[in-house]
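Here the structure is a predicted model, which is why all the values come from computation and not from measurement. These values consider heavy atoms only, across backbone and side chains, with no hydrogens, waters or symmetry-generated copies.
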Protein chains: 2
Amino acid sequence: MKEGPDISRVAALIGDPARANILTALMSGKALTAAELAEEAGVTPQTASSHIARLAAGGLVTTRRQGRHKYVALASDEVGTVLESLIGLAARSGHLRTRTGPRDSALRHARVCYNHLAGDLGVQVYDSLTVRGMLAPEGEALAITHAGRRFAEAFGIALAPLERRRAPLCRNCLDWSARRYHLGGALGRAMLARMEAADWLTRGEGRVLTLTRKGKAGFAESFPG
Amino acid sequence: MKEGPDISRVAALIGDPARANILTALMSGKALTAAELAEEAGVTPQTASSHIARLAAGGLVTTRRQGRHKYVALASDEVGTVLESLIGLAARSGHLRTRTGPRDSALRHARVCYNHLAGDLGVQVYDSLTVRGMLAPEGEALAITHAGRRFAEAFGIALAPLERRRAPLCRNCLDWSARRYHLGGALGRAMLARMEAADWLTRGEGRVLTLTRKGKAGFAESFPG
DNA sequence: CAATTGCTTCGATGGAGGTCGAAGGATGAA
DNA sequence: TTCATCCTTCGACCTCCATCGAAGCAATTG
């Protein structure tokens, strides 16, 4: 009937609430077991099993058996990118959930977005780096400056191995809660890993990140407003 | 149950084949009437009317009455971007349609992708500009060089007004048919408009573009391999 | 070897929604 | 006004599929 790839199949996969919850939970970047995903999605293990099988058949997730556990993860960065762009579009179109849970405010403050830092804290980092000339946004694109490279190395991040990969080093990532940009890409992931290693942040339930006392001081010093 | 914008609602809207066809047809950038969309989607006018109402309620399209016609268009560039990224994901995940129509090969050669040039011809332009140092890709980002600015102005494109807009000037757009990048963004749109004005290309059925004799010579001269 | 845990398959149920025929506006043309 | 065209609403049908109970398989534990 029409030409091109069948976009509706992929969209229909994401279009079920239970599957969307599963995919959203996987955006933390961690591999989760089928039982955990069932809990996240609010369905029974049987139902989750069927959904996971569909997502895997559709190429959106990969599964790996380990003992009697089945670990599920997003199939690629591209899937995560598509999900984030859908979240952005949904937020702008006013498709907010009717029920906002108690974790909501904590999520707005600091959360994981495919292994990089998002939320108000992520926006603060982005703004601080941009104002001080470490990052150079050009439209939707984002480049790192020489000053930014020095800063990253001083922060404990080796840029060279990150740049050898095909994935972009810096990427503007649109924050659905703040409607502002935060730092994605390989550098964003490396920075979050560094912050976790330095005990600035601890992972809470789901995608929530909690700021430690040490982190509070560290952010104020390294990323002044 | 979960936090954040409701991604599944938007995805479910795109997830119906008829609606996906409608949205894909609108990616030409033109506003189409309800009857035309019904034809494109392969459903009756009643069904199309219902789908259009849902898409409008979901914020994906805008409608405008003009006489007894109802013109439908994508609501924003962001919707087009999400659709393209979904097309890319679908193509990589192997969700190709079972039936490939006769227009398929023409589409692979040259087509409209949200008002800029895509297909083999679009990739040729992109590669030619990149090799000759007019465009500077950095990861997923894309910048225009000084040489590129001179080239664009000589091609009859005033860059200043384009840069005042918030939308990016250059954007890498992933081609589902060639799996390579072509030039999107404001500059991509301006170049296609210029090519059409110069009678290099004519719009065929749907998103198909046909190369004229004049255009054949023009491409060979302006965008040598 | 049980017993327990984690996942999957099968079958039945129920609901959501896509589809079109028929009829009813709404707009413009003759 | 009358007609034709375009779109919409209503109602009925029907398919698809999400969901869960029950049972079965697989792997670890005692």
Original post:
When we call it a touch if two heavy atoms are under 4.0 Å apart, what does A48(B) touch: a base, just sugar-phosphate, or nothing?
Top reply: nothing

Subject >> Between OG on residue S8(B) and CG on residue L23(A), distance to nearest 0.5 Å >> reply: 10.5 Å

Original post:
Within less than 4.0 Å of OP1 or OP2 of dT19(C), is there a side-chain N or O belonging to T47(B)?
Top reply: no

**OP:** Can you tell me the distance, in whole Å, between the NE2 atom of H51(B) and the P atom of dC20(C)?
**Re:** 9 Å

Original post:
Could you state the CD1-C1' distance from I14(B) to dG17(C), rounded to the nearest angstrom?
Top reply: 18 Å

Original post:
Could you state the interatomic distance from NE2 (H51(A)) to CD1 (I22(A)), rounded to the nearest 0.5 Å?
Top reply: 6.0 Å

Subject >> Heavy-atom donor-acceptor pair, R64(A) side chain to K70(A) backbone, under 3.5 Å >> reply: no

Original post:
CE of M191(B) to NE2 of H116(B): how many Å apart, nearest 0.5 Å?
Top reply: 12.0 Å

Original post:
Within a strict 4.5 Å, meaning less than it, do heavy atoms of the L26(A) and L37(A) side chains meet?
Top reply: yes

**OP:** Say whether, by atom type as modelled, one donor and one acceptor occur between the side chain of E40(B) and the main chain of N21(B) under 3.5 angstrom.
**Re:** no

Show me the protein contacts with nucleotides 21-28 of chain C, counting only N or O atoms at under 3.5 Å.
from    : atom 1 : to     : atom 2 : distance (Å)
dG21(C) : N7     : Q46(B) : NE2    : 2.6
dT27(C) : O2     : R68(B) : NH1    : 3.4

Original post:
With a 4.5 Å limit on heavy-atom distance, are the side chains of L83(B) and T24(B) in contact?
Top reply: no

Original post:
Between A35(B) and S50(A), who's closer to the 5' end of DNA chain D by nearest nucleotide?
Top reply: A35(B)

Original post:
For DNA chain C, which ranges pair as stems of 3 or more consecutive Watson-Crick or G-U pairs, with both donor-acceptor distances under 3.5 Å?
Top reply: C:1-30 with D:1-30

Original post:
If we only count heavy atoms from C-beta on, is the L201(A) to T212(A) side-chain gap below 4.5 Å?
Top reply: no

**OP:** Would you mind reading off the distance between I52(A) atom CD1 and dG6(C) atom P, rounded to a whole angstrom?
**Re:** 14 Å

**OP:** Check the pair V61(A), V79(A) against side chain to side chain contact (heavy atoms under 4.5 Å, CB included), reporting the backbone distance first and the verdict last.
**Re:** CA-CA 8 Å; V61(A) 303; V79(A) 178; over 6 Å; no

Subject >> Whole angstrom value for the distance that separates P of dG18(C) from CG of N21(B) >> reply: 14 Å

Subject >> Atom pair CZ/CD of F219(B) and Q124(B) - distance to nearest 0.5 Å >> reply: 7.0 Å

Subject >> Outermost nucleotides of DNA chain D that come under 4.0 Å of a non-hydrogen atom of chain B >> reply: dA4(D) to dT9(D)

**OP:** Any chance you could measure L74(A), atom CG, to T62(A), atom OG1, to the nearest 0.5 Å?
**Re:** 8.0 Å

